[in-house]
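Fair warning: this is a prediction, and the values are worked out from it, not measured in the lab. The figures here come from the full heavy-atom set of this structure, side chains too, leaving out hydrogens, waters and symmetry mates.
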Amino acid sequence: MLTASQFDESPVLSYLGLPPSYEPSPRTAPVDFLRKHVRELPPHLLKLFSSHTTPKERTAVPVIRNRRLKYVETNPSEFSVANAKSSWPVLWEGRERPGQEQGNDERSWAEKEFMGGGSSQQVGKLGALLGEYEEERESERVRIARRQRAEYIESLPEEDEDTDEEEEEILIPYEPSPTESEETFLRIVKERFIYGFLESIDYDQVDWNEQWDDDLDRDAEERWFDDEDES
């Protein structure tokens, strides 16, 4: 990310007809500047702020938060259960073997597309082989991600726990259904996206796209986040 001294504010100020001394400055106070002028700038100038602010920082801009909210409400493909599990496996707490969806996709491709689907015996063997390879690749990727997360958690300092073992209650953990697990997973993924914490996703396509301003109640831009802003 660019530092304040590296960010060239002149194209932005020139477009809006603002003097170099304008405050809040797009160079030293980019978030405050965006709060006031995000609707007035074209996408090619707004994208300059991608290298000067983080998605998390831009969450403080009501227009951008609402764009993200409206975007996830359209249920885009990257937030489908299968794609989200593949993109953010560490957030998924399900129990099925990782890579099953990807393996099924490879089998389907071989059966329907490879050589026009001819020679069913050979195609069937190829589909099974490709599916197994893809499952193993995906499983290894997920294992590495989970191992890295576990190592990070283990590196954190332990908290002192003053508990009386004799009085400790034995609680039976609640096992959510597969549907409940998937709904919770998608809710977490979408919330992390809205608040700027989700990795490996293109925020620019939403943050700087006025398409997601359609039908917004501009007088109520702050309403969705009232509780957080007051705290």
Side-chain angles (χ1 to χ4, degrees), residues 1-81 83-91 145 152 184-231:
M1 191 171 72
L2 296 179
T3 63
S5 60
Q6 295 173 320
F7 182 74
D8 183 10
E9 62 185 1
S10 58
V12 174
L13 294 176
S14 176
Y15 180 86
L16 296 174
L18 298 173
S21 58
Y22 179 80
E23 295 291 340
S25 166
R27 180 171 58 84
T28 59
V31 172
D32 290 336
F33 183 86
L34 287 172
R35 288 175 69 98
K36 295 187 65 174
H37 300 289
V38 65
R39 291 189 188 278
E40 303 168 31
L41 292 169
H44 74 279
L45 290 179
L46 286 170
K47 287 182 179 180
L48 298 176
F49 290 89
S50 295
S51 60
H52 193 38
T53 60
T54 66
K56 179 183 176 182
E57 291 172 338
R58 296 197 294 272
T59 304
V61 182
V63 170
I64 291 177
R65 293 191 310 233
N66 279 304
R67 286 177 179 178
R68 293 175 185 175
L69 173 61
K70 185 144 189 198
Y71 179 72
V72 300
E73 287 177 343
T74 65
N75 294 316
S77 60
E78 58 261 55
F79 292 140
S80 69
V81 172
N83 289 338
K85 286 180 183 178
S86 175
S87 299
W88 304 287
V90 173
L91 300 178
Y152 168 73
T184 300
F185 167 65
L186 286 182
R187 177 179 57 78
I188 292 172
V189 169
K190 291 178 179 180
E191 286 180 352
R192 290 180 67 87
F193 172 74
I194 291 172
Y195 287 98
F197 290 103
L198 199 61
E199 299 177 350
S200 303
I201 192 167
D202 183 11
Y203 276 92
D204 285 9
Q205 67 173 332
V206 179
D207 289 3
W208 313 132
N209 192 343
E210 63 182 9
Q211 166 190 351
W212 306 111
D213 292 338
D214 293 347
D215 303 323
L216 280 177
D217 179 3
R218 299 192 180 191
D219 294 333
E221 283 180 353
E222 298 279 1
R223 195 172 302 157
W224 197 78
F225 290 89
D226 272 350
D227 292 341
E228 182 193 31
D229 290 343
E230 290 175 1
S231 64

Beyond-backbone contact of [X] with [Y], side-chain heavy atoms, under 4.5 angstrom:
X	Y	answer
Asp207	Arg68	yes
Val189	Val72	no
Ser87	Ile201	no
Glu9	Thr28	no
Arg67	Asn209	no
Phe197	Pro55	no

Inset, instruction - Classify the ring geometry between Phe49 and Phe33 as parallel (under 30°), tilted (30 to 60°) or perpendicular (over 60°). - result: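 If you compare the ring of Phe49 with that of Phe33, the planes turn out parallel.
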State the [atom1]-[atom2] distance between [X] and [Y], to the nearest 0.5 angstrom.
X	Y	atom1	atom2	value
Leu13	Arg27	CG	CZ	10.0 Å
Leu46	Arg58	CG	CZ	10.0 Å
Ile188	Glu191	CD1	CD	7.5 Å
Leu34	His52	CG	NE2	9.0 Å
Leu45	Ser14	CG	OG	9.0 Å

For the residue pair [X] and [Y], what are the closest heavy atoms and their distance?
X	Y	answer
Val206	Trp212	O-CD1, 3.9 Å
Leu91	Leu198	CD1-CD1, 4.1 Å
Ser200	Trp88	O-CZ2, 4.1 Å
Ala84	Leu186	CB-CD2, 4.1 Å

Legend entry - For Pro76, all residues meeting side chain to side chain contact (heavy atoms under 4.5 Å, CB included), sequence neighbours excluded: Tyr71, Thr74, Glu78, Phe79
Inset, instruction - Taking side chain to side chain contact (heavy atoms under 4.5 Å, CB included) as the test, write out the residues that go with Glu40, two or more places apart. - result: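 Leu16, His37.
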Inset, instruction - Check the surroundings of atom CD in Glu199: do more than 12 heavy atoms from other residues, nucleotides or ligands lie under 6.0 Å from it? - result: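 It does not: Glu199 CD has 12 such atoms or fewer within range.
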Legend entry - Ser50: side-chain hydrogen bond (donor to acceptor under 3.5 Å, both in side chains) partners, not counting sequence neighbours: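 side-chain hydrogen bond (donor to acceptor under 3.5 Å, both in side chains) list for Ser50, sorted by chain: Asp204, Trp208.
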Legend entry - Side-chain donor-acceptor contact under 3.5 Å, Thr59 with Arg65: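 No, because no side-chain N or O of Thr59 sits under 3.5 Å from a partner of the opposite role on Arg65.
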